[in-house]
Amino acid sequence: MPLLSPATVPLDCRLTAPCYPDWRAALADAVRDPTLLCRLLKLPPSLAETAKLGAKGFPLLVPRPYLSRIRMGDPSDPLLLQVLPTEGELIHSSRFTTDPIGEASSTLPGGILWKYQARVLMVTTAVCAVHCRFCFRRHFPFEASGRDGLHWEMALAKIASEESVSEVILSGGDPLCLDDEVLAGLVGRLDGIPHLLRLRVHTRQPVLIPQRVTDALLKTFRGSRLTSILVLHVNHPAEIDRAVEEAIGRLVDAGVPVLQQAVLLRGVNDGVDVLTELYQRLVDLRVMPYYLHQLDRVAGAAHFEVAPEEGVRLIGELRRRLPGYAVPRYVRETASAPNKVPLA
Ligand SMILES: *Cc1c(COP(=O)(O)O)cnc(C)c1O
Ligand code: SF4
């Protein structure tokens with residue numbers, strides 16, 4: 001049998017990322033076992049042993065389309081570091097806590113976070129298609145805030161009763177882990193609340209499982225009275241392959257403004273060259289850089305922290321290299337400020 005050249009192999013059909021009938025199948029087939037991950041990526045089995053310790057409270061989870069972008073045999077690959085628990089996760093630091101930005105106290109019944117004027121954040125699901133090791137909600141009390149139909153009713157009732165709210169942010173977990181019908185139902189309900197103007201979706205899904213950008217999803221966005229805005233979490237240019245480019249293109253072509261946010265992460269994207277490349281790639285895909293977040297001090301993530309002074313220096317260098325619109329706002333989230341606090 002003739003060997004297919006890489007160019008003729010459909011992107012999602014490489015060894016580590018088989019073709020899936022739909023995004024649900026890709027989610028179900030995500031890698032959850034550190035030993036399997038290390039075998040697929042030709043990494044030393046000893047890394048899997050460490051990973052098992054780190055994964056205890058927050059299991060490993062990587063969908064294969066994302067896995068296919070990780071370099072084989074490279075323990076310091078910037079995508080791998082985001083998903084594989086390393087020794088750093090076992091370091092305990094009293095300055096890194098389970099609720100670094102005081103979300104527990106601003107969570108209302110129904111799983112809504114109302115910290116800022118005019119916009120509320122709705123925790124729609126605890127599910128993500130990946131477990132980012134630096135995730136600030138890795139210890140979030142999802143069970144207590146609830147995410148079944150009843151809790152949504154409470155959230156919707158609260159939003160409907162607060163006329164000062166003009167924007168709802170769907171977050172999680174990842175709201176695009178909800179099925180299209182469920183999402184369409186929720187958006188339909190929000191649509192019916194007269195004082196709402198905008199719907200924002202914070203997601204990483206198009207980067208994890210690009211197949212998630214379905215026609216039904218685009219129809220939901222297009223069919224709503226609300227202005228839909230998508231904020232995509234992308235940290236590194238290597239996260240963007242052809243399939244991701246195409247998924248982003250479909251969103252933008254459908255008229256959905258796509259903004260981007262990243263977390264500044266030691267060993268992943270804390271260099272001016274990598275950030276320059278990231279922001280150039282994004283604007284060329286018609287995605288506008290929005291926020292670069294200073295890491296929230298969540299327990300288990302201390303090894304990812306970059307000093308704010310270093311972040312400020314990086315932003316200064318980006319300003320020299322890039323057009324103004326390609327430079328994100330470098331911000332920190334705090335428990336008490338009425339907005340995200342600009343650092344640069
Ligand atoms: C980040 C965030 C928002 C949105 O803030 P913007 O500055 O409008 O992007 C809203 N609510 C909560 C709880 C947030 O953390
Ligand atoms: S996609 Fe977002 S919410 Fe989900 S694990 Fe990663 S950082 Fe956390």
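As the structure lists them, so they are numbered: ligands from 1, and atoms in each ligand from 1. Position 1 is the first residue of the sequence, and the numbers go up from there.
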Yes or no on salt bridge (Lys or Arg N to Asp or Glu O under 4.0 Å) for Asp180 and Arg212, after CA distance, side-chain angles and deciding distance?
CA-CA 9 Å; Asp180 280 322; Arg212 178 64 190 91; 3.0 Å; yes
Protein contact to [atom] [nearest heavy atom, distance to 0.1 Å]:
{"atom": "atom 12 (C) of ligand 1", "result": "Leu121 CD1, 3.7 Å"}
{"atom": "atom 14 (C) of ligand 1", "result": "Lys340 NZ, 3.2 Å"}
{"atom": "atom 13 (C) of ligand 1", "result": "Lys115 CD, 3.8 Å"}
{"atom": "atom 7 (O) of ligand 1", "result": "Tyr291 OH, 2.6 Å"}
{"atom": "atom 2 (Fe) of ligand 2", "result": "His233 ND1, 4.0 Å"}
{"atom": "atom 1 (S) of ligand 2", "result": "Arg204 CD, 3.6 Å"}

Just say parallel, tilted or perpendicular for the rings of Phe58 and His131, cut-offs at 30° and 60°.
parallel
Hey, are [Y] and [X] close enough side-chain-wise for a donor-acceptor pair under 3.5 Å?
{"X": "His293", "Y": "Glu333", "answer": "no"}
{"X": "Asp74", "Y": "Ser76", "answer": "yes"}
{"X": "Thr35", "Y": "Lys52", "answer": "yes"}

Contact check, side chains of [X] and [Y], non-hydrogen atoms, under 4.5 Å:
{"X": "Asn235", "Y": "Arg204", "value": "yes"}
{"X": "Ile240", "Y": "Leu282", "value": "yes"}
{"X": "Pro85", "Y": "Pro34", "value": "no"}

For Arg137, state whether at least one heavy atom is located under 4.0 Å from any atom of ligand 2.
no
Any non-hydrogen atom of Val130 lying under 4.0 Å from ligand 2?
yes
Look at atom CD of Glu49 and say whether more than 12 heavy atoms of other residues, nucleotides or ligands are closer to it than 6.0 Å.
yes
Give a yes or no on whether Arg250 atom CZ has more than 12 heavy-atom contacts from other residues, nucleotides or ligands under 6.0 Å away.
yes
Does Cys132 bring an N, O or S atom to within less than 2.8 Å of atom 8 (Fe) of ligand 2?
no
Ligand 1 contact on Arg119 by region, counting heavy-atom pairs under 4.0 Å
side chain
Where does Ile169 meet ligand 1, judged by heavy-atom distances below 4.0 Å: at the side chain, the backbone, both, or neither?
side chain
So if I count the atoms of ligand 1 from 1 in the order they appear, which ones are less than 4.0 Å from some heavy atom of [X]?
{"X": "Tyr290", "value": "6 (P), 7 (O), 8 (O), 9 (O)"}
{"X": "Glu333", "value": "15 (O)"}
{"X": "Arg200", "value": "4 (C), 6 (P), 8 (O), 9 (O)"}

Ligand-residue contact atoms, ligand 2 with Cys135, heavy atoms, under 4.0 Å
3 (S), 5 (S), 7 (S), 8 (Fe)
Answer yes or no as to whether an N/O/S atom of Cys128 is found below 2.8 Å from atom 4 (Fe) of ligand 2.
yes
